[in-house]
**Student:** 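Next up is a structure, given as structure tokens.
Numbered from 1 within each chain, the chains take letters A, B, ... in sequence-line order. As a basis for the values below, the full set of heavy atoms in this structure was taken, side chains included, without hydrogen atoms, waters or symmetry mates.
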There are 2 protein chains.
Amino acid sequence: MTEKSSRTEPIHARGGSGATIADVAQAAGVSVATVSRALSGNYPVAKATRERIFRSVTDLGYVANAHARALAGATTRTVGIIINDVADPFFAYIARGVERQASAEGRMCLITATHGDKERELALVDLMREQRTDAVILVGGASDDARYRKQMADRARALDAAGSSLVLCGRPSLGPGVPTKMVTYDNEGGAFAITDYLISQGHRRILYVGGPRDFSTTASRLAGFYRALDARGIERDPALVHEGAFGRGFGYSRMRELLDQDVDFTAVFGANDLVAAGILEALEERGIRVPQDVSVVGYDDVPVASELRPRLTTVRVPLEELGREAVRLALSQSPHDAGASSDNTLTVGTHIVIRDSVSPPSKP
Amino acid sequence: MTEKSSRTEPIHARGGSGATIADVAQAAGVSVATVSRALSGNYPVAKATRERIFRSVTDLGYVANAHARALAGATTRTVGIIINDVADPFFAYIARGVERQASAEGRMCLITATHGDKERELALVDLMREQRTDAVILVGGASDDARYRKQMADRARALDAAGSSLVLCGRPSLGPGVPTKMVTYDNEGGAFAITDYLISQGHRRILYVGGPRDFSTTASRLAGFYRALDARGIERDPALVHEGAFGRGFGYSRMRELLDQDVDFTAVFGANDLVAAGILEALEERGIRVPQDVSVVGYDDVPVASELRPRLTTVRVPLEELGREAVRLALSQSPHDAGASSDNTLTVGTHIVIRDSVSPPSKP
DNA sequence: TTGTCCATAGTAAACGCTTACTATTTCTAG
DNA sequence: CTAGAAATAGTAAGCGTTTACTATGGACAA
């Protein structure tokens, strides 16, 4: 019996942390190596021995120390996900997809929130790096900032060097040569489709409200919006485009202002469903009927869209699917993207769902 | 130079995991101990040395290995939270509170979901135990099952023995003597208040719909409901109570059945807002006006409640606050509850919020 | 009988960090 | 000037696992 294995009480007496593998080994009368093998099952252990070990495990209520395991072994079986806000349905559904797929692949899921703070986002990536997660999934649009891009690219490289990977989910590439994987949805296409639908119903003066300025998501949706106008030969009118923020509050207050200013329009494109909800509220408050007097559409198709009255016509984004795919891609062995679009970037489609908030304009 | 410090490449060449503290030490020309001290800042290090070290750290893109740190040091700076579903707003708001408070206290947050599976819940507690989280927060009602209770009690003891703690959030105690902390909200009181409000408006025949049978949350809400009836001398009618599930779908389908059966009632108490949303939908479908023909109330005051038309009168539960408090309590040094209610159990209040879904009954 | 091979089990060296001791300077007081 | 106290650095012993090597004892073939 060596000195080491003879200790019976922890040296630092750290509040009596639970049983260790050594305790189990002692109780079962075998070496720690044998216990480790019996537990991981990747090496033959005699049946009788194994049973004795398992009995000791339950008797002692032993669970392995994940940190020791991570330190000694290879992988941590954890994926990290960074979102804006846990309670925002857009992110919550993506997180659900990530959580489900991760747990289906036997991983835990470390969820953190940036609350929209870019610096915090960078810090969180580092935190996940410290945790040695198998992958880190970065969700949601990104602001267009060169310094930020460079910093994130550095982290992508560090993650890559450590055998992990950075998955960009619904946000633009960090540039060629930066080792990332990407899963996105057809933002521009959805915006095009729903704008075109509005036009096909006879609308010509369409207000675009919401979405932060210089933000990738806003840029794509606006691009689709403009493309639809251009395709039908409708002039772009800057007075009709009102960026600002995502969120119900923004939709409500900006719509009120616009109503006060007597702008001429027959339909409103809310940058997302929450903005559209705010728009609907402002409209309702002024006694303007939807869709009889003005039509409204949103984007994302989160549950509010169908709670609203009238039910909101919007663009469906397969949020949960997006999260699932992000994990699949992250955990797949495919090499990272090293530039030109390889199969490391996956795009899921969007489509419009027609409900009750659009009709032909009353004043044609 | 010892053998150990002379190694320059990792023995297992594990896909080139990032720089280690030894690399930083070498680059800065000091010992690892000094680097460790400079980084944690809990021991004096000469200014020049410290600067040299920090320079090497950024040069190498070094971040500490959280697992090694957890293994060597005391705490993991992580709290675990177990909820039903990330995308259910009830849980999402609690999770947001947890996430915010945890990050305010410099902790990470491990979020997992049970999808309503009791076995999975037990397994998740073990997973968190493996992760050696500083605390594990268990959210939401629990089913009343002796075997389950015993198993969870065992885990509470194990967690306690390991210096961590189990926080029960919005669920009943595991019994006297089990070391847990609790934060709850006044479920019964809220149900009483809103039922009493309905009665004060003149309602006598009130339907109660939703909530799983043998579930702690359902039990408390029903208790409050009954207490209000009793207080006003209204007879309890079993035909008016319809347990089943939380969720929009249940509210919708059960309400349809009830409507077909011609049950006599003037108001409906939805076990939560989602159930109430389903109820509203079924009512709308049949052309029954709310609140003119029947009044409806919900519980929780999640965002849907104010999206609905009519806006739902409901009971406000300070969800985010609940999550925050759970973390505060978990991380506080107060000893665990060892039986009789000590200050380890905290109850936050609920109150009704009156909106547009209730009016006096038309047929009095 | 002897030599081989297989099934099991044990030994001990990492993994990357923290921290109790120890060692070396450099001050500061007497 | 010098003893003793700071201030600053280094050494090395863990922390709880995994796993490459070794060791042991039969079973089995020759």
**Student:** For the pair made of CD1 in A:I21 and C1' in D:dT18, what is the distance, rounded to whole Å?
**Tutor:**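 After rounding, the reported distance stands at 8 Å.
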**Student:** Would you say that A:V24 contacts A:V30 through its side chain, given a criterion of any heavy-atom pair below 4.5 Å between the two side chains?
**Tutor:** no
**Student:** Using a cut-off of less than 4.0 Å, is there contact between a side-chain N or O of B:S31 and OP1 or OP2 of D:dA9?
**Tutor:**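 Result: no.
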**Student:** Within this structure, what is the CD1-to-P distance between A:I53 and D:dT17, rounded to whole angstrom?
**Tutor:**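 A:I53 atom CD1 is separated from D:dT17 atom P by 13 Å.
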**Student:** Identify, with sequence neighbours excluded, every residue that meets salt bridge (Lys or Arg N to Asp or Glu O under 4.0 Å) alongside A:D117.
**Tutor:**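 Here no residue qualifies.
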**Student:** Measure CZ/A:R129 against P/C:dG16 and give the value in whole Å, please.
**Tutor:** 15 Å
**Student:** Can you tell me how far P of C:dC15 sits from CD of A:Q131, to the nearest Å?
**Tutor:** 21 Å
**Student:** For the side chain of A:A33, counting heavy atoms from C-beta on, which of C:dG10, C:dT19, C:dC17 is nearest?
**Tutor:** C:dG10
**Student:** Suppose the criterion is side chain to side chain donor-acceptor pair (under 3.5 Å): which pairs have a residue in residues 49-66 of chain B, not counting sequence neighbours?
**Tutor:**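 Not a single pair qualifies under side chain to side chain donor-acceptor pair (under 3.5 Å).
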**Student:** Taking only side-chain N and O atoms of B:R69, does any of them lie within less than 4.0 angstrom of OP1 or OP2 on C:dT18?
**Tutor:** yes
**Student:** Using salt bridge (Lys or Arg N to Asp or Glu O under 4.0 Å) as the criterion, list what pairs up with A:R37, not counting sequence neighbours.
**Tutor:**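 Here no residue qualifies.
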**Student:** Compute the angle between the rotation axes at the two ends of the helix from C:dT1-D:dA30 to C:dG30-D:dC1, each taken over five pairs, rounded to 10 degrees.
**Tutor:** 40°
**Student:** For A:T34 and C:dG10, is the shortest distance between a side-chain N/O and OP1 or OP2 below 4.0 Å?
**Tutor:** yes
**Student:** Could you state the NE2-P distance from B:H67 to C:dT18, rounded to the nearest angstrom?
**Tutor:**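 Distance, rounded to whole Å: 14 Å.
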**Student:** A:L71 has an atom CG; how far is it from atom P of C:dG16, in whole Å?
**Tutor:**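 Rounded to the whole Å, the gap is 7 Å.
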**Student:** Mind checking side chain to side chain donor-acceptor pair (under 3.5 Å) for B:S173 and listing every partner two or more places apart, or none if nothing turns up?
**Tutor:**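 With neighbours one apart ignored, the set is empty.
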**Student:** Got a sec, which pairs hit salt bridge (Lys or Arg N to Asp or Glu O under 4.0 Å) with one end in residues 102-111 of chain B, sequence neighbours left out?
**Tutor:**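 For residues 102-111 of chain B: B:R107-B:D134.
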**Student:** Counting only heavy atoms and a strict 4.0 angstrom limit, can you tell me which residues of residues 35-50 of chain A come near DNA chain D?
**Tutor:**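 Result for residues 35-50 of chain A: A:S36, A:R37, A:N42, sorted by number.
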**Student:** So does B:A135 get a backbone contact from the side chain of B:S165, meaning a donor-acceptor N/O pair under 3.5 Å?
**Tutor:**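 Looks like no, no N/O pair under 3.5 Å.
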**Student:** B:R171: what forms a side chain to side chain contact (heavy atoms under 4.5 Å, CB included) with it, not counting sequence neighbours?
**Tutor:**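 Partners of B:R171 by the side chain to side chain contact (heavy atoms under 4.5 Å, CB included) criterion, ordered by chain and then number, come out as B:E121, B:L138, B:A142, B:Y148, B:L168.
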**Student:** Run the side chain to side chain donor-acceptor pair (under 3.5 Å) test against A:E99 and tell me which residues pass, sequence neighbours left out.
**Tutor:**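 For A:E99 the side chain to side chain donor-acceptor pair (under 3.5 Å) partners, ignoring immediate neighbours, are B:H115.
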